[in-house]
Amino acid sequence: MDRIGALDLVDAVLDAGSFRSWDTAPLTVDEDDDYRAALAEARTATGLDEAVITGEGRVHGRRVAVIVCEFGFLAGSIGVAAAERITTAVQRATAQRLPLLASPSSGGTRMQEGTVAFLQMVKITAAVELHKRAHLPYLVYLRHPTTGGVFASWGSLGHVTIAQPGALIGFLGPRVYEQLYGEPFPAGVQTAENLQRHGVIDGVVPLKWLRRTLRRALKVLIDPPAPAPAPMPDEPPAPVPAWESVLASRRPGRPGAGMLLRHGATERVVLSATGTSEAAAMLLALARFGGQPAVVLGQRRVGGMTGPAALREARRGMALAAGLRLPLLLVIDTPGPALSPEAEQDGLAGEIARCLADLVTLPVPTVSVLLGQGNGGPALAMVPADRVVAARHGWLAPLPPEGASAIVYRDTEHADQLAASQGIRSSELAAAGIVDTIVPEQPDAADEPIEFIKRLSRVIATELHSVRTVADNERLDARLQRYRSIGVPGV
């Protein structure tokens, strides 16, 4: 496995000639003869004075701060001097309000300095957390290898965390495991690709594509939004029977959240839970719609029923939007909650409740899109936004019509009647004050997927812009009052 050197990383990512070092002479620590000799050898071998370099540069003209480990310097280990350099750089990035790119490649804390080195992870973590609390981006690129206390602290705190293909990434180094337990660590577990499949990291990106990925992320995270989109004609589509919408929402060719990202958004950076894990029922991404930046949460029908892990991913997206002060776009399209002993034991109901509580009180602008099936608690948990958009055939119900029929009639043969009587279709949701805008389907999104997605994207851009223009306290008050008054005349 090839290792990427610190200077190679800087050269590959930053605009040519833009790097400016922030480093001063390393802090002097107590050194015995062996440690002093090891440091001298590392300095000669790498041409660096410590295991980390810091500074600033530009990515396609955008200023960024960088912190990069050099594994060739005592295995990239972090002692007092390296930790002080990292902490000072994080604080400087925060003071100058710069996005921060950190790229660890490290075996962990420096054994020659013992427990004092181990405790340095605390101050680095504190500095990173304060940077994030200042609503400044913290982006992490994990290089081969990254293990130990570095991975268990500042290497795992990124708003976005991606890794070098094939990189060894884990808490316990495999050599240490084998020495302690007398057997090798299971193959394939501590790899970047496996961690992405399990939602631990957001992506696996080769060095040659890293600069492009960072450019897209920074365009969403720090570039100002575009001017207001041109208004669209306000002609609500004619209502259709509720059962017709239910059937349309279930068509295999109906466009979903993935297609919305591919054909309706720009500057896409897809984050975790896109692999085979249960959380794959929830898509999380950064993107722009008509020049309007957003964190995107999308329920994915290909992921099946929505379970607790998917809802935890949704809460991560909500926290990401709040932390970065970005609008949140939620795309609702779920056949319903996972109904299983495992889901119950993993706290499905609690996760629905926490999603609902987080979303309705979220301090940033929110827009929900009822794209297709809005079935049960997982749909409800993503509804209460500042603005709610519905596709013509989008619908929202506490149970699928078949389930409602089973309760009322003890069969499923009255599903169409229950759909008609429960007020689930988009036109009825609009009349009840639950939906603000209905996007036409001509006559069905499955028959015109790209054209429909483009119409929907324009509406999303308009709604994102409109909610950004409202002051935070006014927006939150209006949101709370809106959901306080649904179904209650005169409130």
Side-chain angles (χ1 to χ4, degrees), residues 3-23 48 50-71 76 78 82-83 85-106 124-125 127-144 146 150-151 153-165 167 169 192 201-223 267 269 271 286 320 323-324 326:
R3 294 195 179 105
I4 301 169
L7 297 176
D8 294 332
L9 186 283
V10 167
D11 289 344
V13 169
L14 300 182
D15 297 353
S18 69
F19 179 68
R20 299 290 180 269
S21 175
W22 287 353
D23 297 335
L48 303 177
E50 247 302 340
V52 63
I53 61 174
T54 71
E56 68 168 274
R58 294 183 180 269
V59 177
H60 290 273
R62 297 168 182 84
R63 279 184 76 199
V64 297
V66 292
I67 296 171
V68 188
C69 285
E70 172 53 65
F71 193 83
I78 304 301
R85 180 172 286 182
I86 292 168
T87 303
T88 300
V90 176
Q91 291 174 334
R92 182 169 175 176
T94 306
Q96 297 186 22
R97 300 204 60 79
L98 293 178
L100 176 58
L101 168 64
S103 185
S105 177
S106 173
I124 298 174
T125 298
V128 168
E129 180 61 20
L130 292 175
H131 182 83
K132 293 171 65 178
R133 290 189 184 186
H135 310 300
L136 296 168
Y138 179 57
L139 312 176
V140 176
Y141 184 62
L142 302 170
R143 295 166 19 248
H144 174 75
T146 301
V150 169
F151 183 48
S153 58
W154 55 286
S156 291
L157 294 175
H159 288 115
V160 178
T161 303
I162 55 181
Q164 175 189 0
I169 301 169
I201 64 173
D202 295 312
V204 178
V205 177
L207 181 63
K208 65 180 181 180
W209 294 346
L210 179 58
R211 176 175 161 86
R212 182 177 67 181
T213 301
L214 291 173
R215 179 191 62 80
R216 290 202 305 264
L218 291 171
K219 286 191 74 171
V220 177
L221 296 173
I222 66 173
D223 282 12
E267 319 308 336
V269 180
L271 305 181
L286 305 173
L320 186 65
L324 290 166
L326 283 174

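These numbers come from the heavy atoms of this one structure, side chains and all, not from hydrogens, waters or symmetry mates.
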Quick one: [atom1] on [X] to [atom2] on [Y], what's the gap to the nearest 0.5 Å?
| X | Y | atom1 | atom2 | answer |
| --- | --- | --- | --- | --- |
| Glu50 | Cys69 | CD | SG | 10.0 Å |
| Thr213 | Leu207 | OG1 | CG | 10.5 Å |
| Tyr141 | Ile201 | OH | CD1 | 10.0 Å |
| Arg215 | Asp223 | CZ | CG | 9.5 Å |
| Arg143 | Gln164 | CZ | CD | 7.5 Å |
| Arg92 | Leu98 | CZ | CG | 9.0 Å |

Arg85 versus Thr54, side-chain donor and acceptor atoms under 3.5 Å: no
Checking the side chain of [X] only, and the main-chain atoms of [Y] only, is there a donor and an acceptor separated by less than 3.5 Å?
| X | Y | value |
| --- | --- | --- |
| Ser18 | Gly57 | no |
| Thr125 | Ser153 | no |
| Ser105 | His144 | yes |
| Ser156 | Phe151 | yes |

With Leu214, the side chain to side chain contact (heavy atoms under 4.5 Å, CB included) member among Val205, Leu221, Leu101, Val269: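 Of the listed options, the one satisfying the test is Leu101.
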Pair listing, salt bridge (charged side-chain N to carboxylate O under 4.0 Å, His left out) test, anchored in residues 132-142, at least two apart: Glu129-Arg133
Stepwise side-chain contact (heavy atoms from CB on, under 4.5 Å) check, His159 with Leu320: CA-CA 7 Å; His159 288 115; Leu320 186 65; 3.6 Å; yes
Intermediate values then yes/no, side-chain contact (heavy atoms from CB on, under 4.5 Å), Leu100 and Val90: CA-CA 8 Å; Leu100 176 58; Val90 176; 3.9 Å; yes
Chi angles and distances behind the side-chain contact (heavy atoms from CB on, under 4.5 Å) call for Val140, Leu157: CA-CA 8 Å; Val140 176; Leu157 294 175; over 6 Å; no
Would you say [X] and [Y] make side-chain contact, with heavy atoms under 4.5 Å?
| X | Y | result |
| --- | --- | --- |
| Pro137 | Ile222 | yes |
| Ser103 | Val66 | no |
| Val220 | Leu324 | no |

Nearest heavy atoms of [X] and [Y], plus distance in Å:
| X | Y | result |
| --- | --- | --- |
| Thr94 | His131 | OG1-ND1, 2.8 Å |
| Ile86 | Trp154 | CD1-CZ2, 3.7 Å |
| Ile124 | Ile78 | CD1-CG2, 4.3 Å |
| Gly155 | Leu142 | O-CD2, 3.5 Å |
| Arg97 | His135 | NH2-O, 4.4 Å |
| Ala65 | Ala93 | CB-CB, 3.6 Å |

Give the table of side-chain donor-acceptor pairs shorter than 3.5 Å for residues 6-16, with sequence neighbours excluded, one pair per line with atom names and distance.
residue: Asp15; atom: OD1; partner: His60; partner atom: N; Å: 2.8
residue: Asp15; atom: OD1; partner: Arg211; partner atom: NH1; Å: 2.7
residue: Asp15; atom: OD1; partner: Arg211; partner atom: NH2; Å: 2.9
residue: Asp15; atom: OD2; partner: His60; partner atom: N; Å: 3.4
residue: Asp15; atom: OD2; partner: Gly61; partner atom: N; Å: 2.8

